[in-house]
Chemist: 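One structure, pasted below without further comment.
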Amino acid sequence: TISPHRHREIAQLFFMKKGTVKAALDGRHIDLSDNEILFIPALCVHGFQFRQGSEGLVISLPANVVGGLMAASSDLAGLMALPFVASANE
């Protein structure tokens, strides 16, 4: 379990290799499972309850890097402004 918290200067990508996790994102609850990716922008309050045996990884991105990507593309800006889930299989 990771208690709800936020990061001021980083965004994060979570890759759920196997297993499941219940995530709370600014009060919204979602479930992630095998081969799903979760993007969490800076300042989003997030917490997790992982099922035992779950495996994955986290990539932390400096907020200024994410800001540069968003400034370069209106499509990315729209996508990265809020948390989102995607399949790694797509």
Side-chain angles (χ1 to χ4, degrees):
T1 299
I2 298 175
S3 298
H5 63 284
R6 75 174 89 204
H7 305 283
R8 182 177 303 270
E9 298 295 329
I10 62 170
Q12 293 183 309
L13 281 172
F14 282 77
F15 170 59
M16 199 70 211
K17 182 176 179 181
K18 74 172 193 173
T20 59
V21 62
K22 294 183 180 293
L25 307 166
D26 282 339
R28 189 179 99 196
H29 296 274
I30 62 166
D31 294 319
L32 294 173
S33 57
D34 296 354
N35 293 317
E36 288 190 310
I37 296 168
L38 170 63
F39 175 76
I40 303 172
L43 299 177
C44 175
V45 176
H46 54 285
F48 303 96
Q49 292 182 333
F50 295 92
R51 186 175 190 180
Q52 187 172 355
S54 295
E55 294 180 19
L57 58 96
V58 179
I59 300 170
S60 296
L61 304 164
N64 63 335
V65 171
V66 174
L69 292 169
M70 293 172 74
S73 166
S74 60
D75 289 337
L76 280 177
L79 183 64
M80 299 173 88
L82 299 171
F84 68 85
V85 176
S87 171
N89 296 324
E90 296 177 3

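In this text the structure is predicted, and so the values were computed from the model without any measurement.
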Chemist: Consider only side-chain heavy atoms of I, L, V, M, F, W and Y, link residues closer than 4.5 Å, and tell whether L13 and L79 are in one cluster.
Modeler: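 Looking at the clustering, L79 is in the same group as L13.
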Chemist: Who pairs with F84 by ring-ring contact (aromatic ring centres under 6.0 Å, His included), at least two apart in sequence or on another chain?
Modeler: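 F84: ring-ring contact (aromatic ring centres under 6.0 Å, His included) contacts with F39.
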Chemist: Test L25 against I40 for side chain to side chain contact (heavy atoms under 4.5 Å, CB included), laying out the working first.
Modeler: CA-CA 8 Å; L25 307 166; I40 303 172; 4.1 Å; yes
Chemist: Return the set of residues passing salt bridge (Lys or Arg N to Asp or Glu O under 4.0 Å) with D26 (not counting sequence neighbours), or none when no residue passes.
Modeler: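 For D26, no residue satisfies salt bridge (Lys or Arg N to Asp or Glu O under 4.0 Å) once neighbours in sequence are set aside.
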Chemist: Does H5 reach the main-chain N or O of H46 with its side chain, forming a donor-acceptor pair under 3.5 Å?
Modeler: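 Yes, because the side chain of H5 sits within donor-acceptor range (under 3.5 Å) of the backbone of H46.
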Chemist: Listed by chain and number, what are the ring-ring contact (aromatic ring centres under 6.0 Å, His included) partners of H29, not counting sequence neighbours?
Modeler: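 Partners of H29 by the ring-ring contact (aromatic ring centres under 6.0 Å, His included) criterion come out as none, since no residue qualifies.
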Chemist: Return each pair, listed once, that meets salt bridge (Lys or Arg N to Asp or Glu O under 4.0 Å) where at least one residue sits in residues 40-59; pairs must be two or more places apart or across chains.
Modeler: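 Pairs touching residues 40-59 that pass the test: K18-E55.
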Chemist: Between I10 and L69, is there shared hydrophobic-cluster membership here, with clusters defined by ILVMFWY side-chain heavy atoms closer than 4.5 Å?
Modeler: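 Unlinked, I10 and L69 end up in two clusters.
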Chemist: Quick one: do L38 and F15 satisfy side chain to side chain contact (heavy atoms under 4.5 Å, CB included)? Show the steps, please.
Modeler: CA-CA 7 Å; L38 170 63; F15 170 59; over 6 Å; no
Chemist: Taking C-beta and beyond as the side chain, do P41 and M80 meet within less than 4.5 Å on heavy atoms?
Modeler: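 The answer is no; the side chains never approach within 4.5 Å.
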Chemist: Tell me which pairs pass side-chain hydrogen bond (donor to acceptor under 3.5 Å, both in side chains) where either residue lies in residues 57-75, with sequence neighbours left out.
Modeler: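 Non-adjacent pairs meeting side-chain hydrogen bond (donor to acceptor under 3.5 Å, both in side chains): Q12-S60.
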Chemist: Pair K17, D34 - check side chain to side chain contact (heavy atoms under 4.5 Å, CB included), show working.
Modeler: CA-CA 5 Å; K17 182 176 179 181; D34 296 354; over 6 Å; no
Chemist: Is there a continuous path of hydrophobic side-chain contacts, each under 4.5 Å between heavy atoms, that joins V58 to I30?
Modeler: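 Same cluster: V58 reaches I30 through Ile, Leu, Val, Met, Phe, Trp or Tyr contacts under 4.5 Å.
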Chemist: Output yes when a side-chain donor or acceptor of N35 lies under 3.5 Å from a complementary backbone atom of N89, and no otherwise.
Modeler: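 It does not hold such a pair.
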Chemist: Test side chain to side chain contact (heavy atoms under 4.5 Å, CB included) on R6 and C44 and set out the steps.
Modeler: CA-CA 6 Å; R6 75 174 89 204; C44 175; over 6 Å; no
Chemist: When clusters are formed by joining ILVMFWY residues with side-chain heavy atoms under 4.5 Å apart, either directly or through shared neighbours, do L57 and F50 land in the same one?
Modeler: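 L57 does not cluster with F50.
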Chemist: Determine yes or no for a side-chain-to-main-chain donor-acceptor pair under 3.5 angstrom, with S33 supplying the side chain and T20 the backbone.
Modeler: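 Such a contact is absent between S33 side chain and T20 backbone.
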Chemist: Could you tell me which residues satisfy ring-ring contact (aromatic ring centres under 6.0 Å, His included) with F14, sequence neighbours excluded, listed by chain and number?
Modeler: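 ring-ring contact (aromatic ring centres under 6.0 Å, His included) check on F14 returns F48.
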Chemist: To the nearest 0.5 Å, how far apart are CD in E9 and CG in L61?
Modeler: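 The distance works out to 13.0 Å.
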Chemist: Quick one: do I37 and L82 end up in the same hydrophobic cluster if we chain Ile, Leu, Val, Met, Phe, Trp and Tyr together by side-chain heavy atoms under 4.5 Å apart?
Modeler: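 No, it is not one cluster - the side chains of I37 and L82 are not joined through contacts under 4.5 Å.
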Chemist: Looking only at non-hydrogen atoms, find the nearest pair between A42 and R8 and report the distance.
Modeler: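 A42 and R8 have their closest heavy atoms at CB-O, 3.7 Å.
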Chemist: Please name the pair of heavy atoms, one in E36 and one in D31, separated by the smallest distance, quoted to 0.1 Å.
Modeler: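 Heavy atoms of E36 and D31 come nearest at OE1-O, 3.9 Å.
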